[in-house]
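Numbered from 1 within each chain, the chains take letters A, B, ... in sequence-line order.
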There are 2 protein chains.
Amino acid sequence: MNPTIKDVAQRAGVSVGTVSRVLAKNKTVSEDIRAKVEATIDAIGYRPNILGRSLRLAKTDIIGLVVPDITNPFFAELAKQVEMLASAEGYSVLLANTHDDPDAEKQQIETLLGRLPAGLILVPVSNSLADGLASRTRTVTVDRPLSGHALVSVDNRQGGYLAADHLLSLGHRRLGYISGPGTTEVSGERRGGFVQRLAEFRKSHPGDYVPPQIVEGHFDYRSGEELGKQLLTQPEKSRPTAIATASDQQAIGLLRAADDMGLRVPNDLSIVGFDDIPLASLVLPRLTTIRQPIDEIARLALEGVLGSHALQEEYKLQPMLMKRGSCAAPSTP
Amino acid sequence: MNPTIKDVAQRAGVSVGTVSRVLAKNKTVSEDIRAKVEATIDAIGYRPNILGRSLRLAKTDIIGLVVPDITNPFFAELAKQVEMLASAEGYSVLLANTHDDPDAEKQQIETLLGRLPAGLILVPVSNSLADGLASRTRTVTVDRPLSGHALVSVDNRQGGYLAADHLLSLGHRRLGYISGPGTTEVSGERRGGFVQRLAEFRKSHPGDYVPPQIVEGHFDYRSGEELGKQLLTQPEKSRPTAIATASDQQAIGLLRAADDMGLRVPNDLSIVGFDDIPLASLVLPRLTTIRQPIDEIARLALEGVLGSHALQEEYKLQPMLMKRGSCAAPSTP
DNA sequence: AACCACCAATGAAACGTTTCATCGCATGTG
DNA sequence: CACATGCGATGAAACGTTTCATTGGTGGTT
């Protein structure tokens, strides 16, 4: 068996309480005793049993991280950042996937909470989790809102707006938009921003306005490819010259669809993605996209969960247009 | 405060021991008492405190998963599979990144072990971890070996062999190979298999043999791009007509390099990747690659960690050649 | 010299479980 | 009818901490 604090105490000839106070750096212990205790501690290779500690303190150093799918590069990056910051503070990260399934989500959160985490960082899938489920610990929501909880996210509306703005300013008029699932608020906001910019354009240039073609699917590669094909199989004069998407994965799928149909990006088709996952700048052509500051998101989320002061209700970070190679002015035949 | 087992016992008019035995399904309790206890349990919303339980049992339901970088699609997929299987068995997964840094690895494992996990699934970075560090719990190593521990991995040598074999059989003679870091055993084996097939070819077709051009770097996109450029900036007659890589990420970087230099894949250059990450089949052209059966790897690793019977020392799974669009016969001008 | 204040260390209780030895009681046996 | 046999339930100990009320001792003040 591992040595316990009792062994240390006995061998050092002090009480367990004293050893405990040596361990808690900030307590007051006489110098010689502290030295002796510390000596025996690494003499017998004692390491505190975190379970005893947690039980006594009624809380752990564990942070629950619940994401739809760790395979999604955006969430992988989030997980990485959260884990980095957390472990720097001495916390560990418990990972759970929900697979975009509300039941699985409920189940996962349930067992996570059973482990009495110090806090929960949650990318919710259902927008109304069974009553205070997540209220049993400090919870911060990321990316998607959940009523009654602090939210850290990018200003999705602004992101959609930026995408439309960029394309319009390049001279595109026939725009397409590949949206995420209609059920998620994120999708709605991104699309909303996109549409809003177009509405403004309509006001200022009534003659030039063309209503956007909007299709809807999932956030993944495949959906981007399929919906892309759908948008692009039209006679050239009605086919969009530029398409914005709700995720980089969709955009990359779209890239593939365009190529399949013999369209060159950006010559024949401009594309704007969303997220700025690492792959976005490695794909061909490099993807122009709306960047989410993930590191900042992770930082704020963790701060909200661990910090002593309550996090403000909603933390909207500003997205940023990353101009790369997938956009150009429309070719004017 | 949350209700404890004592509250249940009191309210149900039985002893705590009895409640405990009700909770442990397989113990013997009279029917009426069981009913009464169960009734009060969800009357007062009691849920067992896992900390008390773990302390008593001196072990947790947590599995540590230590990977170099969760952002790497291969590890993300591994994490997903492990988490799925683990949560189905009632275990949770604690995630840690080592960033390919031996010191960080040591640190991470150290704190993970402090949490008394039921087991550890480890993708080691240093090939000799400080003496029995990982021996303090059931540990299974994945992807890369670590002396003294069970290993689940693909037969990397066979993978390299398959890649070379495929390219040779298409008619390629001037082959290139983009390897992973020379320090890792995986790299060595994949490359070894590749070279071995070429050596065999040399025996059988002495006249046709051309020594492969091998370069070495990291497993990531960027490395693939850089090393690719390096291999491809040669006069056409010495430039490889086909390149195999040690990871799909490298292959995708290479795809990019090739395009930058005006080479068409597979017309001017054939490429074989390694891993078969989801992206491999979505990139343009679809990547021919050596598939690792990740689900199988995850399953075996978890089994090794949780199963009662000792896992055999080494579990080598067979890789599989996935023929897609990035390979063709060399153009013979 | 007596007293007070203070500091360092102690001992025990408490956190919420599981388990094991014990006990009471009903049932069946001699 | 006395007695063994089991079975179901109990009570207490134990897991490894932290913390809090006590205690013992030292130095300073009157």
Query raised in the report: Is the NZ atom of B:K316 crowded by more than 12 outside heavy atoms at less than 6.0 Å?
Result: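 Atom NZ in B:K316 is crowded, with more than 12 foreign heavy atoms closer than 6.0 Å.
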
Query raised in the report: Should we count CD of A:E303 as having more than 12 external heavy atoms under 6.0 Å?
Result: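 Count over threshold, so yes.
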
Query raised in the report: Which comes earlier along DNA chain D counting from the 5' end, the contact point of B:V29 or that of A:T4, where each point is its nearest nucleotide?
Result: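 Closer to the 5' end of DNA chain D: B:V29.
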
Requested in this report: Assign each of A:I50 and B:R34 to its nearest nucleotide of DNA chain D by heavy atoms, then name whichever residue's nucleotide is nearer the 5' end.
Outcome: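 Mapping each residue to its closest nucleotide by heavy atoms, the 5'-most match is B:R34.
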
Could you state the atom-to-atom distance from [atom1] of [X] to [atom2] of [N] in whole Å?
X: A:I33; N: D:dG25; atom1: CD1; atom2: P; result: 14 Å
X: B:K27; N: D:dA9; atom1: NZ; atom2: P; result: 13 Å
X: A:D7; N: D:dT17; atom1: CG; atom2: P; result: 9 Å
X: A:Q10; N: D:dT17; atom1: CD; atom2: P; result: 14 Å
X: A:R21; N: C:dC7; atom1: CZ; atom2: P; result: 13 Å
X: B:R53; N: C:dT19; atom1: CZ; atom2: C1'; result: 12 Å
X: B:L116; N: C:dT17; atom1: CG; atom2: C1'; result: 16 Å
X: A:D32; N: D:dT26; atom1: CG; atom2: C1'; result: 15 Å

Closest nucleotide among [options] to the [X] side chain:
X: A:N49; options: C:dT19, D:dT19, D:dG16; result: D:dG16
X: B:L55; options: C:dT10, D:dT10, D:dG16; result: D:dG16
X: B:I5; options: C:dT17, D:dT10, D:dT19; result: C:dT17
X: A:L57; options: D:dT19, D:dC15, D:dA9; result: D:dT19

OP1, OP2 of [N] versus side-chain N and O of [X]: anything below 4.0 Å?
X: A:T28; N: C:dC7; result: no
X: A:S30; N: C:dA9; result: yes
X: B:S15; N: D:dG11; result: no

Requested in this report: For the pair B:E77 and B:K80, find out whether any cationic side-chain nitrogen is under 4.0 Å from an anionic carboxylate oxygen.
Outcome: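 Judged by the 4.0 Å cut-off on N to carboxylate O distance, B:E77 and B:K80 do not form a salt bridge.
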
Query raised in the report: So, A:E189 and A:R144, do they make that salt bridge, N to O below 4.0 Å?
Result: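 Judged by the 4.0 Å cut-off on N to carboxylate O distance, A:E189 and A:R144 do not form a salt bridge.
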
Query raised in the report: So do the side chains of A:E105 and A:S126 get within less than 4.5 Å of each other, counting heavy atoms only?
Result: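 Yes, at least one pair of side-chain atoms sits under 4.5 Å.
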
Report task. Determine the contact category for B:L23: base if any of its heavy atoms lies under 4.0 Å from a base atom, sugar-phosphate if only primed atoms, P, OP1 or OP2 are that close, otherwise nothing. Result ->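 The answer is nothing, as B:L23 stays clear of every strand by at least 4.0 Å.
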
